[in-house]
Amino acid sequence: MLLYFFITCFSFILFLKPLLLKPLLLWASEIRLLSFWFLKDLFLFSYLGLSRNILLKDFYINVIPLKTSINKMSPSSSARAEKSALGDGTRGMSVLDLPELALECVFERLPPAGLCSMAGVCTSLRERCVSDHLWEKHMKHKWGRVIGPTTYREWQWHLASRKDLRSCKQGKPKWFMRLLSIFWPSSWSIPKVDPVNNSRQRSSLHVNSIMSSYLALETGKFWFPAQVFNRENGHVGFMLSCYDAELNYDPRTDTFQARYPPHGRRVISIENGVPWERLRAPSVDTSPHDLHISDCLHNLLPGDYIEIQWRRNKEFPYGWWYGVVGHLESCDGNENYCRCHNSETVVLEFHQYTPGSRWRSTKVNRKEHQEEGNEADGFYGGIRKLYKNEEVSRWKRLWPSEVLE
């Protein structure tokens with residue numbers, strides 16, 4: 001028992017002496033030291049075979065009062081102790097103390113959610129995290145496959161219409177706040193106190209920034225133009241076609257809602273659950289109601305892959321249909337004797353349809369091609385040649401499981 005009393009008192013004095021000589025710096029370090037001595041006693045008394053009651057008595061006498069005294073210290077006294085330990089006029093290191101290059105590397109590796117979180121910390125970090133060069137790679141990585149110049153123009157028009165609407169609704173604050181919430185999270189639209197200069201600051205996020213357009217796309221607040229393969233859930237009448245639509249992203253399902261323009265007597269058609277694999281950016285900068293001016297007709301050879309505009313009648317918008325350049329009836333298909341490229345007539349074939357089907361092939365004039373067709377077979381419009389293998393491969397992945405009639 002005497003050995004136990006000596007060891008306990010000696011360990012407690014060694015622990016208490018630093019506390020009396022200097023203020024507490026960081027409470028976590030004291031707790032770690034406390035745990036060290038407690039574990040030391042536990043090991044020693046277990047080795048000596050002392051009873052558990054004696055050990056618990058030592059814990060309640062020495063440990064509990066010390067932890068209670070630490071917890072009862074006021075925050076102001078804790079701050080004064082840390083200040084005196086670090087020296088007057090000094091502070092702990094923050095992320096802003098990192099070198100500029102290191103800080104930039106950190107921001108470049110943050111995902112969009114991380115940049116948004118960092119932007120809400122302080123004015124300095126917010127100005128860095130909303131920079132266009134940080135958000136440009138995120139925009140290209142996720143949205144580059146489905147947006148193009150048409151989307152950019154639509155976004156500018158969207159911003160202009162919002163601006164005009166806000167100017168008309170200045171007398172109604174609820175409308176202004178509702179529109180403002182589209183582009184700014186609520187935590188950024190409220191003036192904040194800058195801890196450095198003690199002044200109120202507004203968010204530096206501009207509605208015309210890449211970050212604002214990314215957030216508008218990501219949250220589904222912006223309908224953007226794109227094209228959908230095999231529209232209306234792969235309806236047999238649209239197999240191996242690609243039609244223009246307005247898309248809206250659903251972040252809950254990671255799919256899209258497609259809104260097809262009305263035509264004829266048909267109202268707007270809406271399709272839900274469209275996956276990423278069935279979307280692409282508009283292939284040409286041409287309205288779906290306008291004829292695309294073809295610039296590849298003189299270079300078309302048998303075996304070339306193409307897309308051609310087609311619509312059911314004059315009231316319908318154009319869709320792009322996948323096909324291949326074929327041989328003339330007078331040609332046997334032998335490459336050594338083929339002269340199809342010298343003819344003014346170009347044969348276009350659509351192999352997804354059975355031989356003999358009226359949709360199997362059509363002919364266009366190489367020199368004077370305009371919209372050709374009739375009300376029975378539809379109207380064929382502009383042609384674009386597919387030069388990239390990935391475009392052809394994408395069409396082939398969408399090939400129907402059965403030949404169409």
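None of these values were measured; they are calculated from a predicted model.
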By the definition ring pair (Phe, Tyr, Trp, His ring centres under 6.0 Å), identify the one residue from Tyr214, Trp143, Phe222, Phe224 that meets it with Trp155. Phe222
Excluding sequence neighbours, so at least two apart, what forms salt bridge (Lys or Arg N to Asp or Glu O under 4.0 Å) with [X]?
X	result
Asp377	Arg358
Glu218	Lys142
Lys140	Glu136

Could you note down all residue pairs passing side chain to side chain donor-acceptor pair (under 3.5 Å) where residues 383-392 supplies at least one of them, sequence neighbours left out? Asp304-Lys385, Glu307-Arg384, Arg384-Glu391
For residues 332-347, which residue pairs pass the side chain to side chain donor-acceptor pair (under 3.5 Å) check, not counting sequence neighbours? Glu344-Lys367
I need the minimum non-hydrogen distance between Phe350 and Gly323, along with the two atoms involved. CD2-CA, 3.9 Å
Would you compute the distance between atom [atom1] of [X] and atom [atom2] of [Y] and round it to the nearest 0.5 angstrom?
X	Y	atom1	atom2	value
His351	Leu404	NE2	CG	13.0 Å
Tyr322	Trp395	OH	CH2	9.0 Å
Ser213	Leu159	OG	CG	8.5 Å
Arg397	Phe229	CZ	CZ	9.0 Å
Leu297	Asn365	CG	CG	8.5 Å
Arg126	Leu115	CZ	CG	14.0 Å

Pair listing, salt bridge (charged side-chain N to carboxylate O under 4.0 Å, His left out) test, anchored in residues 99-123, at least two apart: Glu100-Arg128
Show the numbers, then the answer: is there a side-chain contact (heavy atoms from CB on, under 4.5 Å) between Ile270 and Gln257? CA-CA 7 Å; Ile270 297 178; Gln257 183 182 48; 3.5 Å; yes
State, yes or no, whether a side-chain contact exists between [X] and [Y] at a heavy-atom distance under 4.5 Å.
X	Y	value
Cys116	Met211	yes
Arg366	Leu300	yes
Ile383	Cys296	yes
Ser124	Leu96	yes
Met118	Leu110	yes
Leu328	Val347	yes
Glu372	Val364	yes

Return all side-chain donor-acceptor pairs below 3.5 angstrom for residues 231-250, not counting sequence neighbours, or 'none' if the list is empty.
from   : atom 1 : to     : atom 2 : distance (Å)
Glu232 : OE2    : Arg266 : NH2    : 3.4
His235 : ND1    : Gly237 : N      : 2.9
Ser241 : OG     : Phe238 : O      : 2.5
Asp244 : OD1    : Gln227 : NE2    : 3.4
Glu246 : OE1    : Arg259 : NE     : 3.1
Glu246 : OE1    : Arg259 : NH2    : 2.7
Asn248 : ND2    : Gly220 : O      : 2.5
Tyr249 : OH     : Asp254 : OD1    : 2.6
Asp250 : OD1    : Arg252 : N      : 3.1
Asp250 : OD1    : Arg252 : NE     : 3.2
Asp250 : OD2    : Thr253 : OG1    : 3.3

Residue pair Glu375 / Asn313, side-chain donor-acceptor N/O under 3.5 Å: no
Using a 3.5 Å distance criterion without hydrogens, assess whether the side chain of [X] forms a donor-acceptor pair with backbone atoms of [Y].
X	Y	value
Glu127	Cys122	no
Gln309	Gly382	yes
Ser131	Leu134	no
Ser361	Glu349	no
Ser357	Tyr353	no

So, using ring-ring contact (aromatic ring centres under 6.0 Å, His included) as the criterion, who are the partners of [X] when residues are at least two apart?
X	result
Phe379	none
Tyr318	none
Trp223	none
His292	Trp320

Is the number of heavy atoms from other residues, nucleotides or ligands under 6.0 Å of Tyr305 OH greater than 12? no
With sequence neighbours excluded, tell me which residues meet side chain to side chain donor-acceptor pair (under 3.5 Å) with Arg153. Asp285
Take Arg145 and Arg280 through the test side-chain contact (heavy atoms from CB on, under 4.5 Å) and record every step on the way to the result. CA-CA 6 Å; Arg145 298 171 292 169; Arg280 76 174 183 185; over 6 Å; no
Could you give me the CA-CA distance, side-chain angles and deciding distance for Ile306 and Val325, then say whether side-chain contact (heavy atoms from CB on, under 4.5 Å) is met? CA-CA 7 Å; Ile306 56 96; Val325 178; 4.1 Å; yes
Is it the case that the ring center of Trp310 lies less than 6.0 angstrom away from the ring center of Trp359? yes
